[in-house]
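These notes concern the structure reproduced below.
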Amino acid sequence: MRVRFAPSPTGHLHVGNARTALFNWLLARGSGGAFVLRIEDTDVERSTRESEATIEEDLRWMGLDWDEGPETGGPSGPYRQSERLHLYQSYAQELLASGAAYYCFCSAAQLDADRAAAVAEGRPALYPGTCRALSMEQAQARMAGGEQPAIRFRVPAPRDGQSDVVFYDMVRGEVRFPRDVIGDPIIVRADGHPAYNFAVVVDDALMEITHVIRGEDHISNTPRQVLLYEAMGFAPPKFAHLALVLGPDHSPLSKRHGATSVAEFRAKGYLPEAFVNYLALLGWSPRPGTPGGRAAGDDAAELLPVEELARRFSLERVGHSAGVFDEEKLAWANRHYLKMADPARIAALAVPYFQEAGVAMTPSARGLDFLAGAMVMATASVDRLNQIPARLALLFDYDASRALAQPGVADEMTADGARSVAAALAEELSNAPRLDRERFRAIANQVKTRTGQKARALFHPIRVALTGRAEGPELDLAIPAIDRGAELPEDSGLPRILGCRERAAAFLAALSGSEPRVPSPEPRVRSPEPR
């Protein structure tokens, strides 16, 4: 088995094309076949190497590797259409010589007029065959006079009483197109560049592609391609046309639905394994009778590693109905994978998002280790990587006056019980060592004993005083993280983190309106040099 993904490098990799690439890759990897990357860059005005590089980067981010391709090489190269023009010209000349193609000298203006006349008369807007009867000698004479013709394929007349072009689609079954609605298509433009339907047939035949899996918008191209395969003596591949990816309103996925490209979902902080897992289930079910692969009450049925997706994938379970891209379901999958992921990996991936949020950091190994330890406070309650900085802002951004300015907090802290908690907390922490979970619980019990406050009346003032926020992660997680951060060495690459002792003193001072008598933090030292 040999399959291919053949994008045009004219922009970003769209979700629909990414799913096409994924289905091809899953089929190849699950069957031990070859996955070929071919760049269809004959649109000279719009194709760029920058777009090609971006598409390849997105595919690699998704974990899709290829066995043959532009830089990888392979036995069927080159793998850019712009480097295969000689092949298209050679096959076009063979079709001309056999009478299966002819030169067309019709101008764009003439073709537009013919098309308008056909529409006005209620006829199919097909090429009327103006140049079909030109002899080769007549064509050669016109070219000698300076005219530059296109080359058209001569759609053959019906044979054996078969007026339809018929092919079998592995998703849709038998598909028929009446021959009289096809028209003679251009296969080589006047500028010498091949048309899509011609180039793709030459490439797929010479690259020995056995299965062509693509979007349903290509169904109307297929009859022309089947006729071209036959005219050039090639056996057509097997075809499978995938239903389109739609937005939640069941219209084609577009910018009005939000993000539509792989790059945009990457930038929003989705993990590749979540994106691939979700994309695989758009239009394919890993088992019969469960649309989307999800059994009732069985969330885990949708969560499959890519190796398992490849093992299970088959075209027989690809549905006819369009897949609806629902970002909420993608976020659900991403939450699962964030919780499962190695915290060290998530910490490293989160660094650019901290930087974008204005947190100046270039963490060292020690700094990354600290961030990894703090990730449990974030990954349990965020959907995407770009939400992590806000969840962990309590570590790097503390301001007692701002905390008291939060709606309702200042009024609540005027109560005697709340003020007594803040005062007792600052006193208990003034000479206490840095807090871990057990020490924090001991301090909280001491404050409880001294003030008589408990439950929310105890822990809400403590939260506001030590985190600067009225809500957030569990204090058993947040407080030890704050004091671990306060002990980081200067060369950790992270901003200085104010410890709980200093925060409690600053909060009490802001509450009483006096200058804070903040205990001096221990000086940060550089990590010892390795011996």
### Query
Going by an N to O cut-off under 4.0 Å, is there a salt bridge joining Arg80 and Glu71?
yes

### Backbone N/O of Ser492 and side chain of Ser364: donor-acceptor pair under 3.5 Å
yes

### Message
Between Gln138 and Ser135, is there a side-chain donor-acceptor contact under 3.5 Å, judged purely by atom types and distance?
### Response
yes

#### Entry: Phe354: partners by ring-ring contact (aromatic ring centres under 6.0 Å, His included), with sequence neighbours left out
Phe396

### Task
Measure the CZ-CG distance between Arg19 and Leu242 for me, rounded to the nearest 0.5 Å.
5.0 Å

### Query
Between the side chains of Gln81 and Tyr196, does any donor sit under 3.5 Å from an acceptor?
no

### Message
Looking at Glu328, is its backbone amide N or carbonyl O close enough to the side chain of Asp326 to form a donor-acceptor pair, meaning the two atoms are under 3.5 Å apart?
### Response
yes

### Task
Applying ring-ring contact (aromatic ring centres under 6.0 Å, His included), name anything that partners Phe167, two or more places apart in sequence or on another chain.
Phe239

### Query
With a 4.5 Å limit on heavy-atom distance, are the side chains of Arg132 and Tyr102 in contact?
yes

### Flag, side chain of Glu264 to backbone of Thr260, donor-acceptor distance under 3.5 Å
yes

### Criterion side-chain contact (heavy atoms from CB on, under 4.5 Å) on Leu304 and Leu281, from CA distance to verdict
CA-CA 10 Å; Leu304 299 170; Leu281 299 173; 5.5 Å; no

### Message
Do the side chains of Arg345 and Glu273 get close enough for a salt bridge, i.e. N-O under 4.0 angstrom?
### Response
yes

#### Entry: Test item: Leu227 and Phe177 side chains (from C-beta on) under 4.5 Å apart, heavy atoms
no

### Query
Less than 4.0 Å between a side-chain N and a carboxylate O, is that true for Arg366 and Asp369?
no

### Query
Between Tyr270 and Tyr337, does the ring centre distance come in under 6.0 Å?
no

### Task
Measure across Tyr88 and Phe198 and return the closest heavy-atom pair with its distance rounded to 0.1 Å.
O-CE2, 3.4 Å

### Task
Specify the closest pair of heavy atoms between Leu27 and Leu315, including all atoms of both residues, with the distance to one decimal.
CD2-CD1, 3.9 Å

### Message
On a heavy-atom basis, which atom in Leu37 and which in Trp66 lie closest, and how many Å separate them?
### Response
CD2-CE2, 3.6 Å

### Message
Taking the side chain as everything from C-beta on, heavy atoms only, tell me whether Leu385 gets closer than 4.5 Å to Asn334.
### Response
no

### Message
Would you say that Gln110 contacts Thr130 through its side chain, given a criterion of any heavy-atom pair below 4.5 Å between the two side chains?
### Response
no

### Task
Starting from the C-alpha separation in whole Å, work towards a yes-or-no answer on side-chain contact (heavy atoms from CB on, under 4.5 Å) for Met375 and Leu392.
CA-CA 8 Å; Met375 281 301 135; Leu392 298 185; 3.8 Å; yes

#### Entry: Least distance between heavy atoms, Ala125 atom then Arg115 atom
CB-CG, 3.6 Å

### Message
Here's a test for you: under side-chain contact (heavy atoms from CB on, under 4.5 Å), which of Leu279, Asn17, Val15, Val324 qualifies with Val245?
### Response
Val15

### Partner of Arg172 by side-chain hydrogen bond (donor to acceptor under 3.5 Å, both in side chains), out of His320, His241, Glu216
Glu216

### Query
Roughly how far, to the nearest 0.5 Å, is NE2 of His336 from CG of Leu271?
11.0 Å

### Task
To the nearest 0.5 Å, tell me how far Arg224 CZ sits from Asp184 CG.
10.0 Å

### Task
With the side chain counted from C-beta on, respond yes when Pro9 and Ser47 share a heavy-atom pair under 4.5 Å apart, and no when they do not.
yes

### Task
Look at the side chain of Asn221 and the backbone N and O of Asn197, then say whether any donor-acceptor pair between them is shorter than 3.5 Å.
no

### Message
Please give me the minimum heavy-atom distance between Ala263 and His12, naming the atom from each residue.
### Response
CB-ND1, 4.1 Å

#### Entry: side-chain contact (heavy atoms from CB on, under 4.5 Å) assessment of Thr54 paired with Leu13
CA-CA 8 Å; Thr54 298; Leu13 184 63; over 6 Å; no

### Query
Counting only heavy atoms not in Gln148, do more than 12 sit closer than 6.0 Å to its CD atom?
no

### Message
What I want to find out is whether Glu57 reaches Arg60 closely enough, with some N-O distance under 4.0 Å, to be called a salt bridge.
### Response
no

### Message
Is a donor from one side chain sitting under 3.5 angstrom from an acceptor on the other, for Arg214 and Thr222?
### Response
yes

### Query
Distance-only, no hydrogens or angles: does the Arg384 side chain make a donor-acceptor pair with backbone N or O of Ala331 under 3.5 Å?
no

### Task
For the pair Phe325 and Tyr278, name the ring-plane relationship: parallel under 30°, tilted 30 to 60°, perpendicular over 60°.
perpendicular

### Summary
Value for CE (Met143) from CE (Met136), rounded to nearest 0.5 Å, stands at 7.0 Å

### Query
Salt-bridged, Lys268 to Asp383, with N to O below 4.0 Å?
no

### Query
Are any of the side-chain heavy atoms of Val376 and Pro343 separated by less than 4.5 Å?
no

### Query
Just wondering, do Val212 and His218 contact through their side chains at under 4.5 Å, heavy atoms?
no

### Query
Distance under 6.0 Å and angle within 45° of the ring axis: does Arg142 meet both against Tyr103?
no

### Message
With a 4.5 Å cut-off on side-chain heavy atoms, are Asp65 and Thr72 touching?
### Response
no

### Message
So, taking the atom named CZ in Arg154 and the one named SG in Cys131, what distance separates them when rounded to the nearest 0.5 Å?
### Response
11.0 Å

### Enclosure of Glu121 CD (heavy-atom neighbours >12, cutoff 6.0 Å)
yes

### Query
Where do Met1 and Thr210 come nearest, in terms of heavy atoms and distance?
CA-OG1, 3.5 Å

### Task
Before accepting this row, confirm whether a basic side-chain N of the pair Arg2/Asp204 lies closer than 4.0 Å to the acidic partner's carboxylate O.
no

### Task
With rounding to the nearest 0.5 Å, note down the distance linking OG in Ser51 to CD1 in Ile39.
8.5 Å

### Query
Which of these passes side-chain contact (heavy atoms from CB on, under 4.5 Å) with Phe5: Leu64, Val36, Ile213, Leu59?
Leu59

### Task
Give a yes or no on whether the backbone of Phe35 and the side-chain of Asp67 come within a donor-acceptor separation of less than 3.5 Å.
yes

### Task
Check step by step if side-chain contact (heavy atoms from CB on, under 4.5 Å) holds for Met207 and Tyr79.
CA-CA 9 Å; Met207 293 180 182; Tyr79 294 91; 3.8 Å; yes

